[in-house]
Number of protein chains: 2
Amino acid sequence: MNKKLLNKYAERLKAAELKITPQRLEVLRLYDNSMLHPTADEVWRRLRRKFPSISKATVYNILEIFAERGIISTMDIGKEAHFDFDTSFHAHFICNRCGKIYDVKIDENLHFCLPEEHRVENIKIYFYGICKNCLDREKK
Amino acid sequence: MNKKLLNKYAERLKAAELKITPQRLEVLRLYDNSMLHPTADEVWRRLRRKFPSISKATVYNILEIFAERGIISTMDIGKEAHFDFDTSFHAHFICNRCGKIYDVKIDENLHFCLPEEHRVENIKIYFYGICKNCLDREKK
DNA sequence: CTATTTGCAAAACATTTGCACTTGC
DNA sequence: GCAAGTGCAAATGTTTTGCAAATAG
(Lines give C-alpha, C1' and ligand atoms only; values in the text may rest on other atoms or scores of the structure.)
Protein backbone atom coordinates (compact mmCIF):
# COMPACT_ATOMS: atom_id res chain seq x y z
CA MET A 1 0.00 0.00 0.00
CA ASN A 2 1.06 3.55 -0.70
CA LYS A 3 2.99 4.68 2.36
CA LYS A 4 1.69 8.23 2.25
CA LEU A 5 -1.90 7.10 2.16
CA LEU A 6 -1.35 4.56 4.86
CA ASN A 7 -0.02 7.35 6.97
CA LYS A 8 -3.07 9.45 6.25
CA TYR A 9 -5.36 6.72 7.52
CA ALA A 10 -3.17 6.14 10.54
CA GLU A 11 -3.41 9.82 11.35
CA ARG A 12 -7.14 9.66 11.10
CA LEU A 13 -7.24 6.82 13.59
CA LYS A 14 -4.84 8.58 15.92
CA ALA A 15 -6.95 11.73 15.79
CA ALA A 16 -9.90 9.65 16.92
CA GLU A 17 -7.80 8.13 19.74
CA LEU A 18 -8.02 4.69 18.27
CA LYS A 19 -5.28 2.12 18.05
CA ILE A 20 -3.91 1.52 14.61
CA THR A 21 -4.65 -1.96 13.40
CA PRO A 22 -4.33 -3.39 9.90
CA GLN A 23 -8.04 -4.19 9.81
CA ARG A 24 -9.04 -0.63 10.63
CA LEU A 25 -6.60 0.81 8.12
CA GLU A 26 -8.01 -1.44 5.45
CA VAL A 27 -11.56 -0.31 6.14
CA LEU A 28 -10.50 3.31 5.71
CA ARG A 29 -8.52 2.50 2.59
CA LEU A 30 -11.35 0.56 0.97
CA TYR A 31 -13.95 3.27 1.41
CA ASP A 32 -11.85 6.41 1.23
CA ASN A 33 -13.44 8.80 -1.25
CA SER A 34 -16.06 6.21 -1.99
CA MET A 35 -19.65 7.06 -2.76
CA LEU A 36 -20.80 3.69 -1.55
CA HIS A 37 -22.97 3.13 1.49
CA PRO A 38 -22.03 -0.39 2.45
CA THR A 39 -23.71 -2.65 4.97
CA ALA A 40 -21.64 -4.42 7.60
CA ASP A 41 -21.87 -7.56 5.51
CA GLU A 42 -20.53 -5.79 2.44
CA VAL A 43 -17.61 -4.35 4.37
CA TRP A 44 -16.91 -7.81 5.78
CA ARG A 45 -16.91 -9.43 2.34
CA ARG A 46 -14.43 -6.89 1.01
CA LEU A 47 -12.18 -7.12 4.06
CA ARG A 48 -12.00 -10.87 3.71
CA ARG A 49 -9.96 -10.51 0.54
CA LYS A 50 -7.07 -9.19 2.58
CA PHE A 51 -7.90 -10.85 5.92
CA PRO A 52 -9.49 -14.18 5.08
CA SER A 53 -10.02 -14.98 8.74
CA ILE A 54 -11.57 -11.69 9.78
CA SER A 55 -14.65 -12.06 11.92
CA LYS A 56 -17.93 -10.32 11.38
CA ALA A 57 -17.89 -9.31 15.02
CA THR A 58 -14.69 -7.40 14.33
CA VAL A 59 -16.29 -5.60 11.42
CA TYR A 60 -19.24 -4.63 13.57
CA ASN A 61 -16.79 -3.49 16.24
CA ILE A 62 -14.84 -1.35 13.84
CA LEU A 63 -17.89 0.21 12.27
CA GLU A 64 -19.48 0.87 15.63
CA ILE A 65 -16.44 2.63 17.07
CA PHE A 66 -15.88 4.56 13.83
CA ALA A 67 -19.45 5.81 14.05
CA GLU A 68 -18.99 6.67 17.72
CA ARG A 69 -15.91 8.75 16.94
CA GLY A 70 -17.48 10.46 13.96
CA ILE A 71 -15.26 8.85 11.34
CA ILE A 72 -18.33 7.49 9.60
CA SER A 73 -22.05 7.90 10.03
CA THR A 74 -24.81 5.35 10.16
CA MET A 75 -27.83 5.20 7.93
CA ASP A 76 -30.96 3.39 8.97
CA ILE A 77 -32.68 2.31 5.81
CA GLY A 78 -34.60 -0.89 5.72
CA LYS A 79 -33.55 -3.83 7.77
CA GLU A 80 -29.81 -3.62 7.46
CA ALA A 81 -27.70 -0.72 8.72
CA HIS A 82 -25.66 1.11 6.11
CA PHE A 83 -22.55 3.16 6.74
CA ASP A 84 -21.51 6.41 5.14
CA PHE A 85 -17.84 7.29 4.91
CA ASP A 86 -18.60 10.83 3.82
CA THR A 87 -19.56 12.68 6.97
CA SER A 88 -20.12 16.06 5.32
CA PHE A 89 -23.68 17.34 5.45
CA HIS A 90 -25.76 15.81 2.71
CA ALA A 91 -28.99 13.93 2.15
CA HIS A 92 -29.68 10.62 0.45
CA PHE A 93 -31.97 9.44 -2.27
CA ILE A 94 -32.99 5.79 -2.12
CA CYS A 95 -34.56 4.18 -5.17
CA ASN A 96 -37.64 2.17 -4.30
CA ARG A 97 -37.16 0.08 -7.42
CA CYS A 98 -33.47 -0.83 -7.58
CA GLY A 99 -32.47 0.04 -4.03
CA LYS A 100 -29.53 2.16 -5.08
CA ILE A 101 -28.50 4.95 -2.73
CA TYR A 102 -27.49 8.34 -4.13
CA ASP A 103 -25.88 11.27 -2.35
CA VAL A 104 -27.87 14.47 -2.58
CA LYS A 105 -26.39 17.91 -2.01
CA ILE A 106 -28.41 19.99 0.40
CA ASP A 107 -27.90 23.65 1.17
CA GLU A 108 -26.62 23.57 4.71
CA ASN A 109 -28.07 26.99 5.32
CA LEU A 110 -31.56 25.72 4.76
CA HIS A 111 -32.92 26.36 8.19
CA PHE A 112 -35.58 23.91 8.99
CA CYS A 113 -38.11 24.81 11.60
CA LEU A 114 -35.84 23.12 14.09
CA PRO A 115 -37.53 21.91 17.24
CA GLU A 116 -36.34 24.70 19.52
CA GLU A 117 -37.04 22.99 22.79
CA HIS A 118 -34.69 20.08 22.06
CA ARG A 119 -30.96 20.18 21.38
CA VAL A 120 -30.44 18.98 17.81
CA GLU A 121 -27.07 17.36 17.21
CA ASN A 122 -27.61 15.60 13.93
CA ILE A 123 -29.96 15.60 10.95
CA LYS A 124 -30.72 12.78 8.55
CA ILE A 125 -32.73 13.37 5.41
CA TYR A 126 -33.88 10.62 3.09
CA PHE A 127 -35.67 11.01 -0.21
CA TYR A 128 -37.43 7.96 -1.59
CA GLY A 129 -38.68 7.43 -5.09
CA ILE A 130 -37.63 6.17 -8.51
CA CYS A 131 -34.12 7.00 -9.65
CA LYS A 132 -33.19 8.39 -13.04
CA ASN A 133 -31.79 5.08 -14.11
CA CYS A 134 -34.99 3.20 -13.44
CA LEU A 135 -37.10 5.99 -14.97
CA ASP A 136 -35.11 5.79 -18.20
CA ARG A 137 -35.42 2.04 -18.35
CA GLU A 138 -39.18 2.40 -17.84
CA LYS A 139 -39.61 4.63 -20.88
CA LYS A 140 -38.22 2.11 -23.33
CA MET B 1 -66.81 -0.32 20.58
CA ASN B 2 -68.48 2.84 19.40
CA LYS B 3 -70.37 1.93 16.27
CA LYS B 4 -69.65 5.22 14.52
CA LEU B 5 -65.93 4.89 15.06
CA LEU B 6 -65.93 1.29 14.01
CA ASN B 7 -67.56 2.38 10.83
CA LYS B 8 -64.92 5.05 10.31
CA TYR B 9 -62.16 2.47 10.54
CA ALA B 10 -64.04 0.09 8.29
CA GLU B 11 -64.37 2.85 5.73
CA ARG B 12 -60.66 3.49 5.91
CA LEU B 13 -59.96 -0.17 5.18
CA LYS B 14 -62.48 -0.24 2.36
CA ALA B 15 -60.92 2.85 0.83
CA ALA B 16 -57.61 1.01 0.82
CA GLU B 17 -59.28 -2.02 -0.79
CA LEU B 18 -58.59 -4.18 2.21
CA LYS B 19 -60.87 -6.72 3.78
CA ILE B 20 -62.35 -5.70 7.08
CA THR B 21 -61.12 -7.95 9.86
CA PRO B 22 -61.43 -7.44 13.61
CA GLN B 23 -57.64 -7.46 13.98
CA ARG B 24 -57.17 -4.69 11.44
CA LEU B 25 -59.96 -2.62 12.95
CA GLU B 26 -58.36 -2.95 16.35
CA VAL B 27 -54.99 -1.74 15.08
CA LEU B 28 -56.65 1.35 13.65
CA ARG B 29 -58.65 1.90 16.81
CA LEU B 30 -55.65 1.54 19.10
CA TYR B 31 -53.50 4.07 17.29
CA ASP B 32 -56.08 6.48 15.94
CA ASN B 33 -55.04 10.02 16.83
CA SER B 34 -52.07 8.63 18.66
CA MET B 35 -48.70 10.32 18.80
CA LEU B 36 -46.96 7.03 19.43
CA HIS B 37 -44.57 5.41 16.99
CA PRO B 38 -44.88 1.77 17.97
CA THR B 39 -42.74 -1.13 16.88
CA ALA B 40 -44.34 -4.31 15.58
CA ASP B 41 -43.74 -5.87 18.98
CA GLU B 42 -45.51 -3.03 20.78
CA VAL B 43 -48.51 -3.28 18.47
CA TRP B 44 -48.57 -7.02 19.03
CA ARG B 45 -48.51 -6.69 22.81
CA ARG B 46 -51.44 -4.27 22.75
CA LEU B 47 -53.44 -6.37 20.31
CA ARG B 48 -53.05 -9.41 22.52
CA ARG B 49 -55.30 -7.85 25.12
CA LYS B 50 -58.25 -8.23 22.78
CA PHE B 51 -56.94 -11.16 20.72
CA PRO B 52 -54.91 -13.32 23.07
CA SER B 53 -54.04 -15.76 20.31
CA ILE B 54 -52.98 -13.21 17.69
CA SER B 55 -49.77 -14.10 15.95
CA LYS B 56 -46.84 -11.81 15.42
CA ALA B 57 -46.83 -12.79 11.77
CA THR B 58 -50.33 -11.37 11.49
CA VAL B 59 -49.20 -8.10 13.05
CA TYR B 60 -46.31 -7.87 10.60
CA ASN B 61 -48.76 -8.65 7.80
CA ILE B 62 -51.17 -5.95 8.85
CA LEU B 63 -48.49 -3.33 9.33
CA GLU B 64 -46.84 -4.18 6.04
CA ILE B 65 -50.02 -3.93 4.02
CA PHE B 66 -51.09 -0.76 5.85
CA ALA B 67 -47.75 0.80 4.92
CA GLU B 68 -48.13 -0.40 1.34
CA ARG B 69 -51.54 1.24 1.06
CA GLY B 70 -50.45 4.44 2.71
CA ILE B 71 -52.53 4.04 5.85
CA ILE B 72 -49.39 4.25 7.95
CA SER B 73 -45.76 5.01 7.25
CA THR B 74 -42.62 3.24 8.33
CA MET B 75 -39.76 4.75 10.24
CA ASP B 76 -36.30 3.26 10.10
CA ILE B 77 -34.63 4.23 13.31
CA GLY B 78 -32.22 1.91 14.96
CA LYS B 79 -32.66 -1.80 14.75
CA GLU B 80 -36.40 -2.14 15.04
CA ALA B 81 -38.88 -0.72 12.56
CA HIS B 82 -41.33 1.81 13.95
CA PHE B 83 -44.68 2.72 12.47
CA ASP B 84 -46.32 6.11 12.24
CA PHE B 85 -50.09 6.35 12.13
CA ASP B 86 -49.98 10.03 11.26
CA THR B 87 -49.17 10.20 7.58
CA SER B 88 -49.27 13.97 7.29
CA PHE B 89 -45.97 15.62 6.38
CA HIS B 90 -43.81 16.03 9.45
CA ALA B 91 -40.33 15.25 10.74
CA HIS B 92 -39.20 13.40 13.84
CA PHE B 93 -36.88 14.16 16.69
CA ILE B 94 -35.27 11.16 18.36
CA CYS B 95 -33.60 11.60 21.73
CA ASN B 96 -30.20 9.96 21.86
CA ARG B 97 -30.49 9.67 25.62
CA CYS B 98 -33.97 8.37 26.37
CA GLY B 99 -34.93 7.16 22.93
CA LYS B 100 -38.23 8.99 22.89
CA ILE B 101 -39.59 10.00 19.50
CA TYR B 102 -41.21 13.40 19.03
CA ASP B 103 -43.19 14.73 16.09
CA VAL B 104 -41.76 17.90 14.59
CA LYS B 105 -43.75 20.29 12.45
CA ILE B 106 -41.99 21.19 9.23
CA ASP B 107 -43.04 23.82 6.74
CA GLU B 108 -44.19 21.77 3.80
CA ASN B 109 -43.26 24.57 1.46
CA LEU B 110 -39.64 24.36 2.40
CA HIS B 111 -38.31 23.31 -0.93
CA PHE B 112 -35.20 21.34 -0.49
CA CYS B 113 -32.74 21.21 -3.31
CA LEU B 114 -34.61 18.17 -4.51
CA PRO B 115 -32.61 15.84 -6.67
CA GLU B 116 -34.16 16.84 -9.99
CA GLU B 117 -33.04 13.87 -11.99
CA HIS B 118 -34.87 11.39 -9.79
CA ARG B 119 -38.59 11.20 -9.07
CA VAL B 120 -39.07 11.90 -5.38
CA GLU B 121 -42.14 10.27 -3.87
CA ASN B 122 -41.47 10.51 -0.18
CA ILE B 123 -39.28 12.41 2.28
CA LYS B 124 -38.17 11.34 5.73
CA ILE B 125 -36.43 13.76 8.05
CA TYR B 126 -34.94 12.78 11.39
CA PHE B 127 -33.40 15.08 13.96
CA TYR B 128 -31.23 13.47 16.61
CA GLY B 129 -30.06 15.01 19.86
CA ILE B 130 -31.08 15.48 23.46
CA CYS B 131 -34.72 16.17 24.18
CA LYS B 132 -36.03 18.91 26.45
CA ASN B 133 -36.92 16.39 29.11
CA CYS B 134 -33.41 14.99 29.33
CA LEU B 135 -31.87 18.48 29.16
CA ASP B 136 -33.96 19.60 32.14
CA ARG B 137 -33.03 16.54 34.15
CA GLU B 138 -29.37 17.22 33.37
CA LYS B 139 -29.48 20.73 34.85
CA LYS B 140 -30.56 19.58 38.31
C1' DC C 1 -67.61 -20.55 -2.88
C1' DT C 2 -63.08 -18.58 -3.28
C1' DA C 3 -59.48 -15.65 -2.39
C1' DT C 4 -57.63 -13.53 1.74
C1' DT C 5 -56.34 -13.53 6.16
C1' DT C 6 -55.00 -15.61 10.31
C1' DG C 7 -52.17 -18.49 13.66
C1' DC C 8 -48.47 -21.36 14.36
C1' DA C 9 -43.95 -23.18 14.01
C1' DA C 10 -39.78 -23.05 11.86
C1' DA C 11 -36.43 -20.64 9.22
C1' DA C 12 -33.76 -16.81 7.95
C1' DC C 13 -31.28 -12.93 8.89
C1' DA C 14 -28.83 -9.14 11.43
C1' DT C 15 -26.54 -8.04 15.38
C1' DT C 16 -24.56 -8.81 20.02
C1' DT C 17 -22.14 -11.21 23.57
C1' DG C 18 -18.66 -13.90 26.15
C1' DC C 19 -14.35 -15.51 26.16
C1' DA C 20 -9.66 -17.01 24.96
C1' DC C 21 -5.95 -15.38 22.18
C1' DT C 22 -3.24 -11.79 20.01
C1' DT C 23 -1.40 -7.31 19.27
C1' DG C 24 -0.46 -2.23 19.57
C1' DC C 25 1.85 0.88 22.20
C1' DG D 1 3.08 -5.63 30.46
C1' DC D 2 -1.38 -4.38 29.90
C1' DA D 3 -5.28 -2.50 27.92
C1' DA D 4 -7.46 -2.82 23.63
C1' DG D 5 -8.58 -5.38 19.57
C1' DT D 6 -9.50 -9.69 17.18
C1' DG D 7 -11.65 -14.29 15.98
C1' DC D 8 -14.83 -17.71 17.01
C1' DA D 9 -19.03 -19.73 18.45
C1' DA D 10 -23.16 -19.28 20.56
C1' DA D 11 -27.00 -16.40 21.89
C1' DT D 12 -30.33 -12.89 21.00
C1' DG D 13 -33.74 -10.40 18.71
C1' DT D 14 -36.33 -9.17 14.58
C1' DT D 15 -38.59 -10.30 10.47
C1' DT D 16 -40.01 -13.71 6.96
C1' DT D 17 -41.87 -17.95 5.23
C1' DG D 18 -44.74 -22.09 4.47
C1' DC D 19 -48.75 -24.13 5.37
C1' DA D 20 -53.28 -25.61 7.37
C1' DA D 21 -57.46 -23.74 9.24
C1' DA D 22 -60.68 -19.91 9.53
C1' DT D 23 -63.25 -16.14 7.55
C1' DA D 24 -64.78 -11.95 4.74
C1' DG D 25 -67.36 -10.81 0.93
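So that the names make sense, note that chain A is the first sequence line, chain B the second, and so on, each numbered from 1. Note that the structure is a prediction, hence the values are computed from the model and not measured.
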Residue mapping more 5' on DNA chain D - nearest nucleotide basis, B:Asp41 or A:Glu17: A:Glu17
Any donor-acceptor pair under 3.5 Å from B:Arg97 side chain to B:Ile130 backbone: no
Heavy-atom donor-acceptor pair, B:His92 side chain to B:His90 backbone, under 3.5 Å: no
Whole angstrom value for the distance that separates [atom2] of [N] from [atom1] of [X]:
X       : N      : atom1 : atom2 : answer
A:Ile65 : C:dT16 : CD1   : P     : 14 Å
B:Glu68 : D:dT16 : CD    : P     : 12 Å
B:Arg48 : C:dT6  : CZ    : P     : 17 Å
B:Lys56 : D:dT16 : NZ    : C1'   : 13 Å
A:Phe51 : D:dC8  : CZ    : P     : 14 Å
A:Glu26 : D:dG5  : CD    : P     : 18 Å
A:Asn61 : C:dT16 : CG    : C1'   : 10 Å
A:Phe66 : D:dT6  : CZ    : C1'   : 14 Å

Which residue lies more 5' along DNA chain C, comparing B:Lys19 with A:Ala81 via nearest heavy atoms: B:Lys19
Upstream residue (5' side of DNA chain C) when B:Ser53 and B:Leu18 are each assigned their closest nucleotide: B:Leu18
Chi angles and distances behind the salt bridge (Lys or Arg N to Asp or Glu O under 4.0 Å) call for A:Lys124, A:Asp84: CA-CA 12 Å; A:Lys124 295 185 184 179; A:Asp84 194 343; over 6 Å; no
For a quick test of reading the model: is some side-chain N or O of [X] closer than 4.0 Å to OP1 or OP2 of [N]?
X       : N      : answer
A:Gln23 : D:dG7  : yes
B:Thr58 : C:dG7  : yes
B:Tyr60 : D:dT15 : yes
A:Thr39 : C:dA14 : no
B:Ser55 : C:dT6  : no

Options D:dT6, D:dG7, D:dG25, nucleotide nearest the side-chain atoms of B:Ile20: D:dG25
Minimum-distance nucleotide (side-chain atoms of A:Ala57 versus D:dT15, D:dC8, C:dT15): D:dC8
B:Leu47 and B:Gln23, any side-chain heavy atoms less than 4.5 Å apart: no
Mutual orientation of the aromatic rings belonging to A:His118 and B:Tyr102 [parallel < 30°, tilted 30-60°, perpendicular > 60°]: tilted
